[in-house]
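Below is one structure; the comments refer to it alone.
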Amino acid sequence: SLFQGLLSILRKLKSTPDQEVRILLLGLDNGGKTTLLKQLASEDISHITPTQGFNIKSVQSQGFKLNVWDIGGQRKIRPYWRNYFENTDLLELAELLDEEKLSGVPVLIFANKQDLLTAAPASEIAEGLNLHTIRDRVWQIQSCSALTGEGVQDGMNWVCKSVNAKRK
Ligand SMILES: Nc1nc2c(ncn2[C@@H]2O[C@H](COP(=O)(O)OP(=O)(O)OP(=O)(O)O)[C@@H](O)[C@H]2O)c(=O)[nH]1
Ligand SMILES: [Mg+2]
């Protein structure tokens, strides 16, 4: 299928040169991943529909080429995540952290939609996800609004800083 073709291309892209950073944007549907990615690339965010597969976008930041993979989060798409990781369900952060192929990879959690009064604050999300128990890698939680762009670049700056530190 087209999807399998895409996956095989993505697998070939796996070896990433030094100045390039591969970022997986994972999360449940409607979380704002695509909006965040488009905001990052300074693209129009007014006509975004649920992602039926992948979006890949490259953005330059701090001398890095960030190759961001935005993967659809709808329940019917989530099973495909495992094609990439060759693992079963990866619905939980804990499972992602256990994934051998992602060992030591810095983790950034975006607490998105902070422009909404009903949004859970980052501190609450950090507690709910037990982030303080993560000891095997650097992690960060970043409040943001993909709608206004607030916090998005700050999050990516942290990513660049962490990748830099890891490669030195
Ligand atoms: N208020 C508010 N709405 C947002 C924000 N970010 C995204 N949205 C809205 O949330 C909805 C879903 O956004 P998407 O970017 O499509 O979400 P997604 O995570 O890519 O969803 P899937 O592709 O289905 O996995 C859209 O209506 C966005 O406009 C935000 O920071 N604030
Ligand atoms: Mg999307």
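Indexing begins at 1, ligand by ligand and atom by atom, following the structure's order. What you see is a predicted model; the values in this text were computed from it and never measured.
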Give the atom numbers and elements of ligand 1 that come within less than 4.0 Å of a heavy atom of [X].
X     : value
Gly73 : 22 (P), 25 (O)
Gly72 : 25 (O)
Pro50 : 23 (O), 24 (O)
Thr51 : 22 (P), 23 (O), 24 (O)
Asp29 : 21 (O), 22 (P), 24 (O), 25 (O)
Lys33 : 15 (O), 17 (O), 18 (P), 19 (O), 20 (O), 21 (O), 22 (P), 25 (O)

Inset, instruction - Mind running side chain to side chain contact (heavy atoms under 4.5 Å, CB included) on Leu36 and Phe110 for me, showing each step along the way? - result: CA-CA 10 Å; Leu36 193 144; Phe110 276 115; 3.6 Å; yes
Looking only at distance, does [X] have an N or O less than 3.5 Å from an N or O of ligand 1?
X      : value
Cys144 : no
Asn30  : yes
Asp70  : no
Thr49  : no
Gly27  : no
Gln114 : no

Looking only at atom types and distance, does a side-chain atom of [X] sit under 3.5 Å from a main-chain N or O of [Y], one as donor and one as acceptor?
X      : Y      : value
Thr51  : Gly53  : no
Arg137 : Leu102 : yes
Asn55  : Trp69  : no

Heavy atom of the protein closest to [atom] (residue, atom name, distance):
atom                    : value
atom 28 (C) of ligand 1 : Thr35 OG1, 3.7 Å
atom 6 (N) of ligand 1  : Asn112 ND2, 3.2 Å
atom 31 (O) of ligand 1 : Ala146 N, 2.9 Å
atom 17 (O) of ligand 1 : Gly32 N, 3.0 Å
atom 10 (O) of ligand 1 : Lys113 NZ, 3.1 Å

Just to be sure I read this right, does ligand 1 sit under 4.0 Å from the backbone of [X], its side chain, both, or neither, counting only heavy atoms?
X      : value
Ile48  : side chain
Leu116 : side chain
Asp115 : side chain

Any heavy-atom pair between the side chains of [Y] and [X] that's under 4.5 Å?
X      : Y      : answer
Ile109 : Gln142 : no
Lys65  : Gln60  : yes
Gln39  : Gln153 : no

Inset, instruction - In sequence, state the C-alpha distance, the side-chain angles, and the governing distance for Asn164 and Phe64, and then conclude on side chain to side chain contact (heavy atoms under 4.5 Å, CB included). - result: CA-CA 9 Å; Asn164 235 340; Phe64 282 106; 3.8 Å; yes
Inset, instruction - Specify whether the nearest protein heavy atom to atom 23 (O) of ligand 1 is under 4.0 angstrom away. - result: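 Protein heavy atoms within 4.0 Å of atom 23 (O) of ligand 1 - there is at least one.
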Inset, instruction - May I have the step-by-step check of side chain to side chain contact (heavy atoms under 4.5 Å, CB included) for Ile56 and Asp70, ending in yes or no? - result: CA-CA 6 Å; Ile56 309 171; Asp70 162 29; over 6 Å; no
Inset, instruction - May I ask whether Leu25 and Val138 are part of the same hydrophobic cluster, defined by side-chain heavy atoms of I, L, V, M, F, W, Y residues being less than 4.5 angstrom apart, directly or through others? - result: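 Cluster IDs for Leu25 and Val138 match.
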Inset, instruction - Flag Thr35 as yes if one of its N/O/S atoms falls below 2.8 Å of the Mg ion (ligand 2), otherwise no. - result: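 Not a single backbone or side-chain N, O or S atom of Thr35 is under 2.8 Å from the Mg ion (ligand 2).
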Legend entry - Presence of N, O or S from Asn55 under 2.8 Å of the Mg ion (ligand 2):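 Here the distance criterion (N, O or S atom, under 2.8 Å) is not met by Asn55, so no.
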Legend entry - Partners meeting salt bridge (charged side-chain N to carboxylate O under 4.0 Å, His left out) with Glu43 (sequence neighbours left out):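 If we apply the salt bridge (charged side-chain N to carboxylate O under 4.0 Å, His left out) test to Glu43, skipping adjacent residues, the hits are Lys38, Lys57.
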Inset, instruction - Tell me which one of Asn55, Leu147, Leu36, Leu37 gets a heavy atom nearest to atom 29 (O) of ligand 1. - result: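 That would be Leu147.
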Legend entry - Approximate separation, where rounding is to 0.5 Å, of Gln114 CD and Cys144 SG: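 The distance works out to 7.5 Å.
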Inset, instruction - Verify whether one side chain among Ser58 and Asn67 offers a donor that lies under 3.5 Å from an acceptor in the other. - result: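 Side chains of Ser58 and Asn67: pair found under 3.5 Å.
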Inset, instruction - Might you work through the side chain to side chain contact (heavy atoms under 4.5 Å, CB included) test for Asp29 and Arg75, ending with a clear yes or no? - result: CA-CA 8 Å; Asp29 49 317; Arg75 189 172 291 278; 6.0 Å; no
